[in-house]
Amino acid sequence: MSDDFAIVGIGETQAVRRSSKDVRELVVDACNLAIQDAGIDRSDIDGIVTDAGVMPTSVPHDWVAGQFGIESAFDAAISYGGTGNVCAPQLAGHALREGQAKYVLCYFGVDWGSRPGGPYAFHDLYPAKAAFEKPAGFNGQPSYFALLAQRYIFEYGLEPEDLGRIAVSQRDNSILTGRGQMMKPMDLTDYLAAPIASHPLRYPDCCLISDGAIAFVMTTAERAADGPKKPVFVRGVGFASESVTADAVFTQKPDLLSFPGVAKAVSTLEKSSGIRMSEIDFAEIYDCFSISVLLQLEDLGFCKKGEGGGFVREGNTLLRGVLPVNTHGGHLSYGYRLAGDHIIEAVRQLRGEAGATQVPNAHLGIVTGLSVPDYGVLLLGN
Amino acid sequence: MSGKITLSSEFQIFFDGIDRQELRFPRCDTCRRFHWYPMKRCPHCGGSSLSWERVSGDGVVHSWTKVEHAFDEAFSSRVPYTILLVSFQDAPGVRLIGPLLGDGVVPECGSKVRVEFLPGTAGPAMVGFKRA
């Protein structure tokens, strides 16, 4: 995989806590924006790819095809949530390379801000969680990731400020975009004064809950050259998973402090693209929680295990650091469309359209998707 | 969540044990390894013959969190409360989630705890942990 296909159109609705529109309408809005941005007609779309868990049960492919008059020649889905969004381009690549489709649409929308149960309801899928965890009051992602953070404190040591710096720099970035869901300034003192959700995680360590949608259009490099926008090439996709069920992964994985699949996904990506993680200019890292960013910085190889706090403390992940991270504010401050926000931002960075958060000379960036036990890394370049 | 919990068939033996104040975990008769959560076959070797082995109930805190925000409405009157993730020397590979019972002093990771059996209220009986 080198530069044979590209993202040529992007669209997003603004992430909000509660939208007056339902999730299908939000998806339609995002798709229209992406199609318009690509400079094509909706009838040009002949392929659809999405995650395989969330969209098929809320905004299914056939409904989108019917709404947009799409005669689908290719239709596929992978993983769920963030990993699904990050790896959907891999499916699109198959179709585009084989000539099965000319323009492939990827979309993702959520209404977890307004739906009863929000993101917690999703976990009711898992019988072991219902039998062994919920009755004990162990319910909700903040408590799952709090267990990881508490274990990290025991094994390596971690000051509240170490997580705080991640949340604070992402809030700064969100404010700079002018579009973030959370625009209220927050410094380290504000962070430390914020209430605890589940020890040691405070509210600003947790992702937002959003209503909103994103969409993007992919096509071959040849067609991309005719589009109105600078093509952003898909340089590679790494997907990996581990043999642990999604309800056991937060408690039973022998080493709780490395996310499943990351090392394998990275090595697959590096092998197929010929590009090493050390060469990238920025990283949009799946930040369901601040601790997730810290652990992935280590798992992805940007620093050693136990050194994530120091890596952030040195300023490496700031907009002007050696590895700007979550340049738009991420899920902690910009919006929570499960890596969708991150893909849109990475495309903006590589087009040079990121405005106040633009990373100078950005040529290569990654987007990660964490959907334990699945993991995905998308490498984009210009 | 206060409604009835539907148990997968492979979970039932655990709760039958709890009713008798016995802590039991599934162990493969072929490879002799424990696994958790309960599966239909041994996930290590694929063996179909599993026995539920009784363990002492002496555990070690692997991690913990004190929940301040009621993510689950059923627990809104109970926050803050502490949840422990506990491993067992006599059942390697098993970690159990349970509430901290007793004086509320949180045992740090690595410290010893002991299982306590709690009668079921809305759902099946369950277990919690006390500092040893």
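Residue numbering restarts at 1 for every chain, and letters A, B, ... go by the order of the sequence lines.
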Heavy atoms of other groups near [X] [atom1], more than 12 under 6.0 Å:
X        : atom1 : answer
A:Lys264 : NZ    : no
A:Arg17  : CZ    : yes
A:Lys305 : NZ    : yes
B:Arg33  : CZ    : no

Side-chain donor-acceptor pair under 3.5 Å between B:Tyr37 and A:Glu133, yes or no?
yes

When you compare the side chain of [Y] with that of [X], does any pair of heavy atoms fall below 4.5 Å?
X       : Y        : value
B:Trp64 : A:Phe154 : no
B:His69 : A:Pro142 : no
B:Thr65 : A:Leu201 : no

Is there a donor-acceptor pair closer than 3.5 Å between any side-chain N or O of B:Arg95 and the backbone N or O of A:Pro254?
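Yes; at least one donor-acceptor contact below 3.5 Å.
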
By number, which residues in residues 190-199 of chain A have some heavy atom less than 4.5 Å away from chain B?
A:Ile196, A:Ala197, A:Ser198, A:His199

Only pairs of heavy atoms separated by less than 4.5 Å count here; which of B:Pro99, B:Gly93, B:Cys109, B:Ser87 has the most with chain A?
B:Cys109

Does any heavy atom of chain A fall under 4.5 Å from the side chain of B:Val106, the backbone, both, or neither of them?
neither

B:His62 portion near chain A, given a 4.5 angstrom heavy-atom threshold:
both

Determine the minimum heavy-atom distance between [X] and [Y], stating which atoms define it.
X        : Y        : value
A:Gly137 : B:Tyr81  : O-OH, 2.6 Å
B:Gly98  : A:Ala136 : CA-CB, 4.3 Å
B:Val67  : A:Ser143 : CG2-OG, 3.6 Å
A:Thr245 : B:Met39  : CG2-CE, 3.9 Å
A:Gln150 : B:Ser63  : CB-OG, 3.4 Å
A:Arg151 : B:Val61  : NH1-O, 4.4 Å

Side chain to side chain contact (heavy atoms under 4.5 Å, CB included) between A:Leu256 and B:Leu85, intermediate numbers included:
CA-CA 12 Å; A:Leu256 289 180; B:Leu85 178 64; 3.9 Å; yes

Pairwise distance [atom1]([X]) to [atom2]([Y]) - rounded to 0.5 angstrom:
X        : Y        : atom1 : atom2 : value
A:Phe132 : B:Ile97  : CZ    : CD1   : 12.0 Å
A:Lys134 : B:Met126 : NZ    : CE    : 13.5 Å
B:Ile83  : A:Asn139 : CD1   : CG    : 10.0 Å

Please find out if less than 6.0 Å separates the ring center of A:Phe138 from that of B:Phe71.
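A:Phe138 vs B:Phe71: aromatic centres not under 6.0 Å.
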
